[in-house]
Structures are given as structure tokens and as C-alpha cells.
Number of protein chains: 2
Amino acid sequence: MLQTRHFRYFLAVAEELNFHRAAERLNLSQPALWRQIRDLEAEMGTPLLEREPRGISLTRAGAAFLEDCRDILERVENARLRARRIAQGELGTLHIGFNEIAGRRPEMPRFLQAFRRAFPEVSLQLHFLMSQLQVDALRGGSLDAGFLLRPRGERTDFQTLRIGEDDYALALPRDHPLTRREGIRLTDLSDQALILPNPRNNAVIYDRLMTRLRDAGVSARIAQVADNENTIMNLVDAGMGLAFLNLSFRPPEPSGVVLRPLADLTMPVDLELVWRGANTNPALAHLVELVRAQAEAPPA
Amino acid sequence: MLQTRHFRYFLAVAEELNFHRAAERLNLSQPALWRQIRDLEAEMGTPLLEREPRGISLTRAGAAFLEDCRDILERVENARLRARRIAQGELGTLHIGFNEIAGRRPEMPRFLQAFRRAFPEVSLQLHFLMSQLQVDALRGGSLDAGFLLRPRGERTDFQTLRIGEDDYALALPRDHPLTRREGIRLTDLSDQALILPNPRNNAVIYDRLMTRLRDAGVSARIAQVADNENTIMNLVDAGMGLAFLNLSFRPPEPSGVVLRPLADLTMPVDLELVWRGANTNPALAHLVELVRAQAEAPPA
DNA sequence: AGCATCTAATACCTCAGCGGCATCGGCCGG
DNA sequence: CCGGCCGATGCCGCTGAGGTATTAGATGCT
């Protein structure tokens with residue numbers, strides 16, 4: 001059977017065109033090398049060397065095989081290196097999710113840029129997904145890590161790394177009467193139209209908000225559920241009702257929406273990097289390590 | 001050291017994802033295979049298989065390596081086939097020379113077409129060269145075989161294969177007085193202007209012609225030497241003098257040149273396929289064999 | 001719970017084959 | 001004619017690839 005040994009040996013012989021020198025180069029004895037070449041020719045089913053009275057030369061088949069030898073040996077070496085680099089997490093692909101809020105944070109581009117600089121051969125595939133969908137994708141394995149918001153203190157079987165914090169506040173049109181009130185309370189929302197996040201996308205937040213409203217005895221009217229924060233904001237802007245939005249979701253400047261804290265509603269959430277502990281993608285460890293370092297010591 | 005054995009074994013294991021089945025496929029015992037894979041991972045410097053409670057799966061590095069394995073094993077096999085086919089003369093390059101006369105013979109395209117059909121992967125490189133230059137090229141190794149004219153009976157250290165025969169005749173303008181004479185003799189050429197082939201290109205023919213003329217006591221005047229048959233014919237047409245041309249070099253129809261045999265000059269030449277006996281190009285043997293078969297039994 | 005079964009992993013042994021040493025035989029240059 | 005260079009061969013030792021028997025862990029069936 002053809003072994004890479006044969007390729008290495010033939011390469012040396014073909015380059016030196018001399019069994020003694022080739023054997024020396026390979027740290028081998030001349031007879032051992034000679035026999036391997038003989039066996040190689042038998043395997044190939046054709047002579048590769050022309051035996052001449054004074055030394056040897058390549059046959060046409062041998063010359064062609066020499067090229068193939070070089071190519072194959074190079075590929076073997078590259079295969080080894082590639083596997084190593086993948087195992088080291090220096091090469092590969094990382095699927096990263098991020099949601100509306102995380103995407104607007106200044107940390108995100110810092111993390112990604114730092115990672116790209118440190119591991120330029122890891123392809124970063126970014127997926128814009130809401131928090132709940134990210135969790136599903138992480139479970140399903142189509143995502144390696146996600147930047148998302150989780151209510152502080154909520155239990156989880158994922159690994160998490162806290163990057164920042166946020167809270168919810170009341171979003172209301174600039175000209176709404178409540179904007180002139182200090183210390184808005186939940187009871188002030190009675191009989192107001194409310195716009196809530198779609199429970200299909202974000203059940204946790206939806207449930208918590210509803211619970212708080214019920215506990216406060218507020219009989220609010222749900223005017224609309226919306227799929228994402230942008231939609232919610234636009235609906236508020238259009239005067240469809242009031243809503244709860246994250247503080248870090250700053251409305252774009254020419255917007256008629258303002259955010260006001262509620263005196264008796266605090267729902268702190270953490271911006272976290274989340275991943276499955278069982279995920280074996282070696283590049284993931286690098287991402288976590290890098291985000292941890294950056295989050296602990298943000299650049300001056 | 002990585003051996004192709006390792007590639008073949010890993011390929012089986014990675015495809016079966018089961019040591020027993022893979023070992024069976026390889027006609028190997030499970031422990032032997034297991035140890036080879038362990039050694040392979042040590043060589044690679046990274047695990048390729050994920051050991052799970054129930055069986056094995058590929059690591060990312062292993063999956064990448066699997067692709068490389070397939071690629072490499074395929075290339076190894078192709079290298080073997082390529083070398084074999086080159087050695088068999090089914091693949092390669094053949095440099096073939098032909099001169100003015102051979103090029104005009106109907107046999108040439110027959111030979112070449114038959115060869116191309118039989119050995120489509122042998123690249124035929126055709127070189128238009130006069131006979132003497134072909135001989136030099138054959139000696140120098142830049143030509144594998146040549147179709148050329150040689151005076152019959154001339155000794156040579158080349159291998160030859162007779163394809164056809166030819167002779168020299170007098171070339172003269174259509175309106176020349178000698179065209180009306182039956183049985184032109186060399187002595188009739190006294191005081192005629194003659195156009196001879198350049199002795200640098202075709203020393204043998206030049207010398208023979210000169211010898212015949214001298215022996216016949218003809219004091220011919222050499223008006224010109226010319227590099228090739230076309231030039232000679234044009235000069236004759238232009239009335240610069242008479243010349244000796246091969247019978248099979250039929251002047252193109254709208255030409256004012258005619259060929260007349262000489263009663264006392266016969267210089268038979270053979271159209272031959274000529275090659276060096278020491279030439280090791282395996283495709284050459286096929287060409288010779290094919291030309292021999294075609295020449296002996298020309299198509300009906 | 002207990003047993004059968006499937007899997008990867010170990011222990012121990014055998015022998016093929018890879019490699020080393022010594023040597024031969026042919027060819028060339030001095 | 002002889003010394004040196006080269007490929008080719010014979011013989012022997014030992015490494016390592018492979019076989020058999022067995023263990024160990026997990027799972028599923030009764």
C-alpha cells in the first residue's frame with residue numbers, strides 16, 4: 001500500500017538524483033531507501049527512475065509523480081495545520097446573535113472588532129434575533145452565543161456573562177399630559193391604551209409586565225401587541241398608546257417619543273453574553289474570554 | 001509520522017462513526033483500528049473524535065480533516081493512475097517533425113488522425129522542419145520522431161520505418177525548350193542556370209547532386225541556392241533557372257513549372273518515420289506501431 | 001433490579017516489514 | 001590497472017502494526 005513515507009522518500013531521491021545523498025537527507029541508510037523506492041515502483045506498477053550506468057534519472061512517469069508528490073505532501077501538512085487551528089479556535093465559524101438593544105450598545109462593535117483583530121480567520125456570522133428566538137437558536141445549536149437581555153436574577157441553564165444593565169421605562173408621546181408629571185406611577189396608567197411586546201417573541205417580559213399591572217390594580221387597555229421595539233416606538237409616536245421600553249433604546253432624535261421612569265415599576269434587566277456550556281466550538285471560548293476581558297476593563 | 005494508512009482508517013471511522021463497523025470495512029480488528037486512530041490524533045496534535053457515552057462523533061477539527069482525507073486519498077490514487085498512464089504512453093506529449101514533402105503526402109493526416117483517435121490524451125506537437133534540422137532535433141531530444149526524406153540506402157544510427165518513396169526530377173518552366181525533348185539527359189543541362197537547395201539545410205542532397213553533375217562532366221552554373229522547396233519552385237517559375245525537385249512535390253496548379261524525369265539521373269529517396277532508438281517516450285512506441293500498421297495495410 | 005447487549009478502551013502477544021551493516025558488481029577517471 | 005562512486009543484494013535485529021481475549025461503561029429490555 002502507498003504510504004506517505006514513499007512520497008517523502010521519492011521526493012528526496014528525485015531531488016537529489018542520488019540514493020546516497022537522499023538517504024543521508026532522510027537519516028536513512030542507502031539500502032533501506034533503495035528498497036523503499038523499489039517497493040514504491042512495484043506499488044505504482046511502473047518504473048519511476050531510469051537506472052543508468054552512472055546514477056539515476058527520472059522517467060516521464062517519475063517526473064509527473066514528483067509533482068504529485070510535492071502537492072500531496074503539502075496537502076497533508078496543510079490538513080494537519082488546519083485541524084490544529086480549528087481545534088485551537090483560530091479558524092472556523094462563530095454564529096452570534098444580537099437583539100435590538102444589544103445592537104445599539106456601544107460595547108457590541110468593540111467586542112466584534114477586537115475579536116476580528118485577534119482571530120481574523122474565524123468567520124463571524126451575525127444574526128439579528130430577538131432575545132427569545134436567540135435562546136431557541138442556542139438550544140438548537142444554530143447559534144454559538146447571543147448578546148441579549150435577561151431579567152436580572154432569572155435562573156437559566158446557560159452560561160452567561162454580564163456586560164451591562166438596563167431597565168424599563170414608560171414611553172409616551174412628547175405632548176402627552178403625563179410628561180409634565182413628576183413621579184409617574186402605575187396607577188396613572190389606568191384607562192390608558194397600552195402597546196405591549198408580542199408574548200410570542202418575548203413571553204418573559206410580557207408576563208412580568210402584565211403581572212405588575214394586575215398587582216397594581218391597573219385595568220389597562222391593550223391597544224396592540226408589536227413584534228419589536230422599533231414598531232412599538234413608532235406606534236407610540238403615532239399616538240396609538242403608551243408602552244414600556246428599555247432605557248438604552250433611545251428614540252432617534254427627530255422622534256416625538258420620550259422615556260420617563262416609573263416611580264413604582266423597576267424591572268432591571270442585564271445585557272448578557274449567553275452560550276451553551278456544552279458547546280464545543282473552540283472559537284467560542286476565545287469570544288467569551290475576550291468579552292470578559294473587555295467588559296472588566298473597558299478601554300480608557 | 002502521518003501515513004496514508006491513517007487517512008484511510010480515519011475515513012472509514014468518520015463515515016461509519018463506529019469502530020466495529022469501520023474495522024470490519026477495513027478488514028481489521030477493532031482494537032488495531034482504535035489504536036491507529038489514537039496515534040493519528042497524537043500526530044495531529046488534536047482530537048478528531050468526540051468520545052461520547054454511546055459511540056463517537058466528529059469534532060470540528062475532525063470534520064474538516066475528513067474533507068482533507070478524502071481529497072488527499074483521491075489525489076494519491078490519481079497520482080498513481082497518472083504515472084501509470086504516462087508510462088503506458090496513454091498520456092503525455094509527442095513532438096513530431098515533418099518537412100515540406102511529408103506534409104504534402106496524404107499519409108500524414110491519416111497517421112495523425114488515427115493516433116489522436118487512439119490516444120486522445122497524448123498531445124501531439126507538430127514541428128515544421130526541413131529534413132536535416134529534424135535530424136538535429138531528434139539528436140538533441142527536442143523531437144521524438146520525424147517524417148522526413150532520406151536517400152535510399154543511406155546508413156543511419158536512427159530507427160526508421162519506410163512509408164513511401166520518391167525520386168528527383170528536373171523542374172523547369174512550362175515554356176522551356178527542354179520540355180519538348182524526350183529523355184532529357186544531364187548533359188543537356190550544360191550552360192544552364194541551376195537553382196540548388198541550400199547545402200546548410202540539406203547537405204546530403206546538395207552533395208549528391210553536385211557529384212552527379214561533376215561525374216557527367218556538366219559544367220552547370222549555380223544561379224542561386226534556396227532554403228526550401230517552395231522558394232526553389234518560385235525561382236524556377238520566375239525563370240531564374242532549372243532545379244531538381246521531388247516528384248511528389250507537385251507544383252500548385254496555376255503554376256508555370258513542370259517536372260520532367262531525367263533519363264540518366266535517378267536519386268531514389270524514401271519517406272520515412274525516423275526516431276532515436278534510445279528515446280524512452282512511451283507514446284513514441286504507440287506512434288511507431290500505429291504508423292507501421294497503417295503503412296502495411298492502408299485503408300481501402 | 002438484573003441481565004443482555006452495544007460501545008470504546010486495555011492487556012498481552014505475534015510477526016511482518018522497515019531499517020542497519022556488510023558487501024558485491026559495474027562503471028568511470030586518473 | 002586501480003581506487004572511488006554508485007546502485008543492488010543478503011542477512012539480521014527490532015520496532016510497531018495487528019490479532020485475540022478481555023474489561024469497563026452505558027443503555028435498554030424483561
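Chain letters run A, B, ... following the sequence lines, proteins first and then strands; every chain starts at 1.
Residues from residues 16-28 of chain A that place a heavy atom under 4.0 Å from any atom of DNA chain D, listed by number: A:Asn18, A:Phe19, A:His20. Within residues 37-50 of chain B, the residues approached by DNA chain D to less than 4.0 Å at the level of any non-hydrogen atom are B:Asp39, in residue-number order. Across residues 5-12 of chain B, B:Arg5, B:Tyr9 each have a non-hydrogen atom less than 4.0 Å from an atom of DNA chain D (numbered order).
With a cutoff of under 4.0 Å to any heavy atom of chain B, the contacted region of DNA chain D is bounded 5' to 3' by D:dA17 to D:dT27.
For the pair B:Glu77 and B:Arg80, the salt-bridge criterion is met [side-chain N within less than 4.0 Å of a carboxylate O]. The pair B:Arg152-B:Glu272 does not count as a salt bridge, with every side-chain nitrogen at least 4.0 angstrom from each carboxylate oxygen.
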Next item on the list: Decide yes or no on side chain to side chain donor-acceptor pair (under 3.5 Å) for B:Thr4 and A:Gln3, but give the supporting numbers first.
Entry: CA-CA 5 Å; B:Thr4 58; A:Gln3 297 296 342; 3.0 Å; yes

Notebook entry, point to check: Passes side chain to side chain donor-acceptor pair (under 3.5 Å), B:Thr93 versus B:Gln125? Steps please.
Noted result: CA-CA 7 Å; B:Thr93 304; B:Gln125 306 279 349; 5.3 Å; no

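Spacing between atom CE of B:Met1 and atom P of C:dG19 amounts to 12 Å, rounded to whole angstrom units. When rounded to the nearest whole Å, the span between CZ of A:Arg35 and C1' of C:dC21 equals 11 Å. Atom CH2 of A:Trp34 is separated from atom P of C:dG25 by 15 Å (rounded to the nearest Å).
As judged by a 4.0 angstrom heavy-atom cut-off over every strand, A:Ile56 is placed among residues touching the sugar-phosphate backbone only.
OP1 or OP2 of C:dA9 has not a single side-chain nitrogen or oxygen of B:Gln30 nearer than 4.0 Å.
The side chain to side chain contact (heavy atoms under 4.5 Å, CB included) search around B:Arg85 returns B:Glu90, B:Leu91, B:Glu121, not counting sequence neighbours. The side chain to side chain contact (heavy atoms under 4.5 Å, CB included) test applied to B:Leu138 returns B:Leu143, B:Phe158, B:Val274, not counting sequence neighbours.
Between B:Asp144 and B:Trp275 the shortest side-chain heavy-atom distance does not fall below 4.5 Å. Here the side chains of B:Arg82 and A:Asp68 are in contact, with some heavy-atom distance below 4.5 Å. When side chains are defined from C-beta on, B:Glu67 does not count as touching B:Ile72, because their heavy atoms never get closer than 4.5 Å.
Considering B:Glu43, B:Gln36, B:Glu41 as possible partners of B:His6, the one that fulfils the side chain to side chain donor-acceptor pair (under 3.5 Å) test is B:Gln36.
For A:Cys69 against A:Phe10, the heavy-atom pair with the smallest separation is SG-CD2, 3.8 Å.
For A:Arg51 and C:dG26, a side-chain-to-base donor-acceptor distance below 3.5 Å is absent, hydrogens and geometry of angles not being considered.
Using cut-offs of 30° and 60° for the angle between ring planes, the A:Phe65 and A:Phe7 rings count as tilted.
Nearer to the 5' terminus of DNA chain C, by closest-nucleotide assignment, is the contact made by B:Pro31 (compared with the other of B:Pro31 and A:Ser29).
Annotation: A:Arg162, atom CZ; neighbour count of heavy atoms from other residues, nucleotides and ligands within 6.0 Å is above 12.
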